[in-house]
Amino acid sequence: MLLDFALPAHDRKLIPEGRLSGQTPWVIAIMLFLTLLVAAIGLSLFDAVQKGGEDLAQQATLQIIEPDPVVRATQKVEVSRMLREVAGIAEVNPVPDGEVRNLLKPWLGNDVIDTDIPVPALIDIRFKTAPDASTLKTLKQRVQTKAPKIRLDSHSSWMAPFFQLMASLIYLAIAIFLLLLIATSAVVILTVRSTLNTHRATIEIMHMMGGTDLQAARLFQRRVALDALLGGVVGFGAAAAVVLTLGGRIAAVEPGLLAGASLPVYGWAALAIIPLVVTGLAMLMARWTVVSALKKML
């Protein structure tokens, strides 16, 4: 069996455990801490992009670009009334003119906004399901019967660069995650080789007494498994504390795209499984390293 903790007591004494006194558990703990943080970041971004993308895909903004303020106000009322009668639309929220001016002040300045310049009338639209290009085109043509000078923008279209950036960050997190797993495997290999060289005489005596390579490998597997489990517990505890702390800080941020970045339930389940996966990987690497080295040594 690959996972064998039921070794006789005299076999366990052949290779000293060295758990808390050794460096390997703490190195694995640090590697797992970084691995879990990267995994948490990647899963949080993925969840935020999924939820944010679905929400934005159902939203659109209608701009009435009419210079005459009286005509613009009339068209805003008529268009809002018409949109509420469209079957595929869930909500229609006309944006007050004062709020539109406040949105434009950071870009155009107070002096420009306070003058009598034409400010477009905005209407926020939420669809029951994400509309396609054909649906938006048909809706625009229908609205133009009430207000010829309009512009209909889907939120998902102008947020596309942001989601592309998030997708790139997710791919980067996956790459770093895999690199950290490779680095952890390298640490295990180096540790096993060092321990194997230290106890080479003991292994040779075991072979002279009829021991096999797999029996010797099980000794190292058990030690590596204990080190990896200890490092996994410490790394998971530290990573969970950081994720919970940052999650509370992010939740306190004003509503927006960043506020949606949180670790979902399945993300916590994945973080709990990763230390077990790393333990299994470490044991496989230990077995492969010992068996390969013993074939060359003996």
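Keep in mind that what you see is a predicted model, and the values were worked out from it rather than measured.
Between atom CD of residue Q58 and atom CD of residue E91 there is a gap of 10.0 Å, rounded to the nearest 0.5 Å.
For W288, the side chain to side chain contact (heavy atoms under 4.5 Å, CB included) partners two or more places apart in sequence, or in a different chain, are I189, M285, S292. For R126, the salt bridge (Lys or Arg N to Asp or Glu O under 4.0 Å) partners at least two apart in sequence or on another chain are D55. A search for side chain to side chain contact (heavy atoms under 4.5 Å, CB included) contacts involving Q141 returns K137, not counting sequence neighbours. Looking at residues two or more places apart in sequence or on another chain, you find no side chain to side chain donor-acceptor pair (under 3.5 Å) involving T138. Among residues two or more places apart in sequence or in another chain, the side chain to side chain donor-acceptor pair (under 3.5 Å) test is passed with S154 by S156. Taking the side chain to side chain contact (heavy atoms under 4.5 Å, CB included) definition, one finds that K140 meets it with Q144, I150, L152, sequence neighbours left out. Partners of D124 according to the salt bridge (Lys or Arg N to Asp or Glu O under 4.0 Å) rule, which considers only residues two or more places apart in sequence or in another chain, do not exist here. Applying the salt bridge (Lys or Arg N to Asp or Glu O under 4.0 Å) criterion to K146, with sequence neighbours excluded, gives no partner residue. For the side chain to side chain contact (heavy atoms under 4.5 Å, CB included) test, residues two or more places apart in sequence or in another chain that qualify with P264 are D47, Y266.
Grouping Ile, Leu, Val, Met, Phe, Trp and Tyr residues whose side-chain heavy atoms lie under 4.5 Å apart, directly or via other members, leaves V71 alone, with no other cluster members. Here I273 is tied into one hydrophobic group with V277, each link being a pair of ILVMFWY side chains closer than 4.5 Å.
The stretch residues 153-171 participates, sequence neighbours left out, in these salt bridge (charged side-chain N to carboxylate O under 4.0 Å, His left out) pairs: R151-D153.
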